[in-house]
Amino acid sequence: RIEQNFEQEDTGIVPGDDLVIDWGVGRVMGERWDVGVSGFATWQLNQQSGGSAETDTTRYRYYGAGPEASLTLSPRWALRLRAHWEFGTRNAVQGNNLWFIVNYRI
């Protein structure tokens, strides 16, 4: 996906737009559980503008990967837990991500 970033209200900085690729590989474990590994890669497509002259405007990139599990509660409801550890970070803050996702089928 392409993420378009807009001007930050207090800083006047306009971060560059991002290209993000999400991926995952999993296995169905019985009737209700899916488990696997998922991840992402993010690259800044164009340089940021604005901010002070000391601001490093080198394009950033970072990657993340980790375990993921999903539990089907009913034909319409499912819960998902995903954890990603970031690596290969350049010109960005490196951290970890934890998601708790509730899915509802329409």
G16 backbone acceptor or donor facing N46 side chain under 3.5 Å: no
Polar side-chain atom of T72 near backbone of S74 as donor-acceptor pair, under 3.5 Å: no
Would a 4.5 Å heavy-atom cut-off, applied to side chains only, mark [X] and [Y] as touching?
{"X": "L81", "Y": "L98", "value": "yes"}
{"X": "Q8", "Y": "P15", "value": "yes"}
{"X": "Q44", "Y": "R61", "value": "no"}
{"X": "T89", "Y": "Y60", "value": "no"}

Side chain to side chain contact (heavy atoms under 4.5 Å, CB included) assessment of L79 paired with I101: CA-CA 6 Å; L79 302 176; I101 303 164; over 6 Å; no
Fellow cluster residues of L45, listed by chain then number, with links counted only when side-chain atoms sit under 4.5 Å apart: I2, L19, I21, W43, Y63, F87
Pairing residues for W77 by the ring-ring contact (aromatic ring centres under 6.0 Å, His included) criterion, not counting sequence neighbours: Y104
ring-ring contact (aromatic ring centres under 6.0 Å, His included) partners of W99, counting only residues at least two apart: H84
Distance in Å, W33 CH2 paired with L71 CG, rounded so as to fall on 0.5 Å steps: 4.5 Å
Just grab all the salt bridge (charged side-chain N to carboxylate O under 4.0 Å, His left out) pairs involving [range], residues at least two apart or on different chains.
{"range": "residues 19-39", "result": "R1-D22"}
{"range": "residues 79-94", "result": "E68-R80, E68-R82"}
{"range": "residues 4-13", "result": "none"}

Cluster link L73 to F100, ILVMFWY, side chain under 4.5 Å: yes
Test log, rule side chain to side chain contact (heavy atoms under 4.5 Å, CB included), inputs V14 and N5: CA-CA 7 Å; V14 180; N5 296 309; 5.9 Å; no
